[in-house]
There are 2 protein chains.
Amino acid sequence: MTSIKDVAFAAGVSVATVSRVLNDHPAVRPDTRTRVLSAVTDLGYRPNAVARSLRTHQTRTLGLVISDVLNPFFTELARAVEDAARGRGYSVVIGNADEHAALQEHHVRTLLERRIDGLLVSPTDGGTSMIRDAVAAETPMVFVDRWIPGLDVPVVHADGRPAVHDLVAHLHSLGHRRLAIIGGPSETTTGNERVEAFREALESHGLPLPRRYIGEGDFQTESGRRATAAFLDLAEPPDAVFATDNLMALGAMDELRRRGLRVPQDMALAAFDDIPWFLHTDPPITAIAQPTAELGHRAVGALIDLVEGRTASSVTLTARLVTRRSCGESEGSRS
Amino acid sequence: MTSIKDVAFAAGVSVATVSRVLNDHPAVRPDTRTRVLSAVTDLGYRPNAVARSLRTHQTRTLGLVISDVLNPFFTELARAVEDAARGRGYSVVIGNADEHAALQEHHVRTLLERRIDGLLVSPTDGGTSMIRDAVAAETPMVFVDRWIPGLDVPVVHADGRPAVHDLVAHLHSLGHRRLAIIGGPSETTTGNERVEAFREALESHGLPLPRRYIGEGDFQTESGRRATAAFLDLAEPPDAVFATDNLMALGAMDELRRRGLRVPQDMALAAFDDIPWFLHTDPPITAIAQPTAELGHRAVGALIDLVEGRTASSVTLTARLVTRRSCGESEGSRS
DNA sequence: CGATCACATGGTAACGATTACATGCGACAT
DNA sequence: ATGTCGCATGTAATCGTTACCATGTGATCG
């Protein structure tokens, strides 16, 4: 591999001068600059980011640890993050935890060893020790979507509570009274927030939320199917199910279909996180949409502020309900 | 940040010994080993992968450049790749080209500067100069799914031709005669292969493939919608459309829905790449499924062979047709 | 008993860049 | 003419590791 030394030799200058040209330092005579530049292209020289990082103590790279790449919400988030980061001159390295604590630890560790400049994380349930270490070591960090309570780390997320209230009102107005929810892992903030908001909303309509109507999910398809099966095996099954993420909604549909049940006649269905496919499912699914791209952009903004020595504060956006036909036919349904 | 030097001081040994412990070199007395190890945990020392890479000339990192993360096929591929790589002790850095040549160049460049050990790429249309450079510089590289003809680089992909023939037979048996296709960018191998296979299959049934029945797509949702709109505006629209990826199929559905047309009565629809949502769309969509996970695993296997100095050869798997209801009702429809 | 050997450990030169400091040189003012 | 200044460039230290070579210390053996 050709190094800065080879370029220096070819151009008949010192490595310092080559470095100056490469970092366009002003104090370089125009003709030497062109001489160096042509040596660079002649040799096909490519700067070694590893060496540069070692020397400068910065990698211009952000780490992003998400709980599940296969979840379209996180895919979109990742894309937005990469976009924003690239726009600011940073790269992004993604670690997919697959909703698995040990994997999350693994990725945080390797990212830290790579000396990424900052860390964006949407923590899974459990396995927070590595993250606490990182915070203690003052690694610039921002939580996005989910967070770990009690840590002094800015959080960029969307508040889903108003939308959950809207959803419950929507279901109530369509005559549903036995409302069930499939929650996420108990220790994720989003899981809790969504279940709590659901419970509050039900209360405000005078409806109970019995324990058997709270399904235990893990944000993965299969758990949505299982929870739905459990609901359907109940003596008095619910007449509406709210899946707190889109993958579990998919699982719920799988199970309903398997049993030959129709949505919304036999069971109403709604999901947290809207995705393009929900428009074309049978029936189109009512969902709560997060401003995903903005979430990603704001999170990157906050993180880069931290990385570059400024301060950053938490950001709360809001999610909104998008009603379609999966809860029943209503008058004013927006696409 | 604490370095190996600090650990050495704390443990009362030299940096060489610490390094030996960290890389579990045999020649270290058990008691010094434990002394060093406890110093490591006391100080919360984390090895600096940047320095290590500079010294060892390897990063134990693979680059993966894909054409579009938002496409579930590539998301799944990326997951499989990361999985396989992690199992072999490698990390993966993903670059998303968004079907955009310039972005692909950008990612290849930064990955190369990062000195990744090997590159896995599913090239977009155009912008191949950086890739040619990399090949010339003997960067270990493997193409996955798509490839650039004429380069001596192993290709891991699934042959879709038999499945396309099956699809055409299926459509023909259901009475469809005016078959159209929405292709990908003309320069992608997958785009070409799929259109060519479609044409051949049509010929074997004595059907023509007029130019106006070949839609120009770019593997993105919107182009699928546009191509479908163009088909529908024809004096004699096709009665079946084959979208050569799932995103364009989504676009086609968007347009059909917008015009209030029904699938399959008004228009049959099939897609390349199967995804979980296709089971639940209205109607469920007939698709050609690739062995995505295996594609990822085999590609990583081949690349690591190259990286570690062995040789690697191309791998061709096969895709298979999964019939559902979007082409019409048939007797034996599989899941 | 001295030579040999294995083993544990230490010293130190790279790896490829950046950057503070030194140097040389022409221009300019006095 | 000479001192001063600023500009272009070179020299060398440094970042945190690894790996080669040297060294010291017992143990083993003829």
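Residue numbers begin at 1 in each chain, while the letters A, B, ... track the order of the sequences.
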What does [X] touch in the nucleic acid at a heavy-atom separation under 4.0 angstrom: a base, only the sugar-phosphate, or nothing?
X	result
A/T32	sugar-phosphate
A/V13	sugar-phosphate
A/V50	nothing

Taking atom types as modelled, is there a side-chain donor on [X] or [Y] under 3.5 Å from an acceptor on the other?
X	Y	result
A/S53	A/Q58	no
A/T124	A/Q104	yes
B/H100	B/E105	no
B/T61	A/R114	yes

Donor-acceptor pair, distance only, cut-off 3.5 Å: does the side chain of B/T189 make one with the backbone of B/W147? yes
For B/R20 and B/H25, indicate whether the former's side chain and the latter's backbone hold a donor-acceptor pair under 3.5 Å.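 Looks like no, no N/O pair under 3.5 Å.
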Please tell me if [X] has a side-chain N or O lying less than 4.0 Å from either OP1 or OP2 of [N].
X	N	answer
A/T17	D/dG10	yes
A/R52	C/dT18	yes
A/S3	C/dG16	no

Could you check how far [atom1] of [X] sits from [atom2] of [N], rounded to whole Å?
X	N	atom1	atom2	answer
A/I4	D/dA12	CD1	C1'	14 Å
A/L54	D/dT14	CG	P	14 Å
B/L43	D/dG16	CG	P	14 Å
A/Q58	D/dG16	CD	P	14 Å
B/R60	D/dT17	CZ	C1'	16 Å
B/H57	C/dA14	NE2	P	12 Å
B/D6	D/dG16	CG	P	8 Å
B/L112	C/dG16	CG	C1'	16 Å

Which residue, A/L22 or B/A51, contacts DNA chain C at a nucleotide closer to its 5' end, judged by nearest heavy atom?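 Looking at the nearest nucleotide for each, B/A51 comes out on the 5' side.
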Nearest nucleotide by nearest heavy atom, which residue falls closer to the 5' end of DNA chain C, A/M1 or B/D31?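 By nearest-heavy-atom nucleotide position, the 5'-most residue is B/D31.
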Annotated protein contacts, base or backbone, on nucleotides 19-24 of chain D with a non-hydrogen cut-off under 4.0 Å, one of B, S, - each: B-----
Closest approach of A/P123 and A/T188, non-hydrogen atoms and distance? O-CG2, 4.4 Å
